[in-house]
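See structure below.
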Amino acid sequence: MSQLKPLSSHLDSIPSTPGKFKMDKSPYIHRLRYHFSLAKLSFWCFLFLSLILIFFYRAAPPSPNPNSASQSSSSSDPSRRSLQTPTWGGPNWEKRVRSSARIRSRNGICVLVTGAAGFVGTHVSAALKRRGDGVLGMDNFNNYYDPTLKRARQALLERTGVFVVEGDINDSVLLKKLFDVVAFSHVMHLAAQAGVRYAMENPTSYVHSNIAGLVSVLEVCKSANPQPAIVWASSSSVYGLNSKVPFSEKDRTDQPASLYAATKKAGEEIAHTYNHIYGLSITGLRFFTVYGPWGRPDMAYFFFTRDILKGKSIPIFEAPNHGTVARDFTYIDDIVKGCLASLDTAERVLEVVGRRRDLRNCGFSIWGTLHRCL
């Protein structure tokens, strides 16, 4: 055992690598290595964080208008990031907005159409433009159904001179900017989450669009100068479990049969509240299943047609006690006529309200039957 000690001491003095000498192991050397590792780790962490900051700085969308404090702050608005609103603003963008909204007829009106790339929105926007009104569209091009159909409608509107701004109605910064650029006399609010069955898969989308979105539009309109008249799309679904036929606008609507219907009923109550408090001229239209060219592909008549072309039978459902089932369909041209007539009549409601200067309980209506203050 005593002979191993010199051997061990001799081995410690041998270089671990040829040409190099092994240094003495001491606590001082270990401390140097520790501090060197910590400094190295700190350096790489600092470099990594710097790269992340540079990446986010370069990826951040530019402010639509660098000379505007309100717009420069919009780029950091979390609501805009969550809505994924594309970049907007700038001289060219404002020029397109003004050109699209320019009135070209003697007695024309200036209308902001939300949901302009939708089925009804496309037809209404095109009809307004044909008669010389100023029209600006707005749509978020969501994927509830194939967005390529909405893009095709957008291209159709572009050919008629209607510019469709891509954005979400919950983006209050964008809405305010549009009202800063154009003094809209009317708003045709058609943007909404449609469909009854889809609410079982994505209920929050209905609250986001049909309730929060409506409030967002009304909030901007109440503060606008001039204050625009509003026509918006409710739904025949609000009649819910009401078994009385034919339906009447005086029927009870407190028994909705779907979440979609409930959000539309909530919208009617919200609209009434904004009319009562702020004097907004609001007309609600209860559509009954609209059909026609450029229609929504999730509608029953598309399914029926496909089954007929394939030689398949069409299932027919029975009501309780072997009763028959019926449904009203409204052709798109009739809906367009009603929308335009409601916009024209809403303007006269504003004149009456202005003369009386009594903003409470004036100008609110359902189905276009206007309740004037006389």
Side-chain angles (χ1 to χ4, degrees), residues 114-115 118-121 124 140 142-145 168-170 187-218 230-276 282-292 295-303 317-320 323-332 334-335 338-339 342 364-369 371:
T114 67
F119 173 33
V120 177
V124 170
N140 69 351
N142 66 27
N143 60 355
Y144 168 62
Y145 57 84
D168 195 289
I169 53 176
N170 284 282
V187 172
M188 185 79 224
H189 179 45
L190 298 171
Q193 176 60 62
V196 174
R197 294 179 181 84
Y198 183 61
M200 298 178 184
E201 302 175 28
N202 190 2
T204 56
S205 66
Y206 290 79
V207 177
H208 176 81
S209 297
N210 302 354
I211 298 180
L214 175 62
V215 171
S216 177
V217 171
L218 295 178
I230 303 163
V231 177
W232 74 288
S234 183
S235 170
S236 60
S237 296
V238 299
Y239 293 112
L241 301 178
N242 183 9
S243 58
K244 171 184 166 295
V245 290
F247 294 139
S248 166
E249 60 206 72
K250 296 181 180 179
D251 289 344
R252 290 179 56 183
T253 55
D254 56 355
Q255 295 178 304
S258 66
L259 179 61
Y260 168 71
T263 59
K264 287 297 186 178
K265 174 59 180 177
E268 292 184 0
E269 300 301 325
I270 291 170
H272 182 275
T273 302
Y274 271 79
N275 161 255
H276 176 73
I282 306 176
T283 304
L285 306 178
R286 292 171 177 167
F287 296 157
F288 280 77
T289 315
V290 189
Y291 74 100
R296 274 176 31 213
D298 62 324
M299 302 297 287
Y301 60 91
F302 278 100
F303 300 141
F317 299 92
E318 269 190 350
T324 57
V325 177
R327 187 173 186 89
D328 290 331
F329 284 77
T330 314
Y331 189 60
I332 183 61
D334 296 321
I335 291 294
C339 289
S342 298
F364 178 77
S365 61
I366 290 295
W367 260 101
T369 305
H371 305 157

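These numbers come from a predicted model, not from an experiment.
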Any non-hydrogen side-chain atom of [X] less than 4.5 Å from a side-chain atom of [Y]?
X	Y	value
Asp328	Thr289	no
Val290	Asp334	no
Thr324	Glu318	no
Leu218	Ile270	yes
His272	Glu268	no
Gln193	Asn142	yes
Val120	Ile332	yes

Under 3.5 Å, is there a donor-acceptor pair linking the side chains of [X] and [Y]?
X	Y	value
Ser234	Lys264	no
Arg286	Tyr239	yes
Asn202	Thr204	yes
Asp298	Tyr144	yes

Looking only at heavy atoms, which two atoms of [X] and [Y] are closest? And how far apart?
X	Y	result
Ser205	Tyr198	OG-CE2, 3.9 Å
Ala199	Leu259	CB-CB, 3.9 Å
Tyr301	Gly295	OH-CA, 3.7 Å
Asn170	Asp168	N-OD1, 2.8 Å
Lys244	Ser248	NZ-CB, 4.1 Å
Ser237	Ala261	O-CB, 3.3 Å

Backbone N/O of [Y] and side chain of [X]: donor-acceptor pair under 3.5 Å:
X	Y	result
Asn210	Gly267	no
Ser258	Val196	no
Ser216	Ala212	no
Thr330	Phe288	yes
Asn143	Tyr145	no
Ser236	Phe287	yes

Once you round to the nearest 0.5 Å, how far does [atom1] of [X] lie from [atom2] of [Y]?
X	Y	atom1	atom2	answer
Ile282	His189	CD1	NE2	10.5 Å
Phe329	Met299	CZ	CE	6.5 Å
Asp251	Asn242	CG	CG	4.5 Å
Leu285	Ser342	CG	OG	4.5 Å

Got a sec, which pairs hit salt bridge (Lys or Arg N to Asp or Glu O under 4.0 Å) with one end in residues 252-262, sequence neighbours left out? Arg252-Asp254
Knowing that exactly one of Ile230, Val215, Val217, Leu214 qualifies, which makes a side-chain contact (heavy atoms from CB on, under 4.5 Å) with Tyr274? Val215
Between Tyr331 and Tyr291, is the ring centroid distance below 6.0 Å? yes
A quick test of your reading: do over 12 heavy atoms of other residues, nucleotides or ligands sit less than 6.0 Å from NZ of Lys250? no
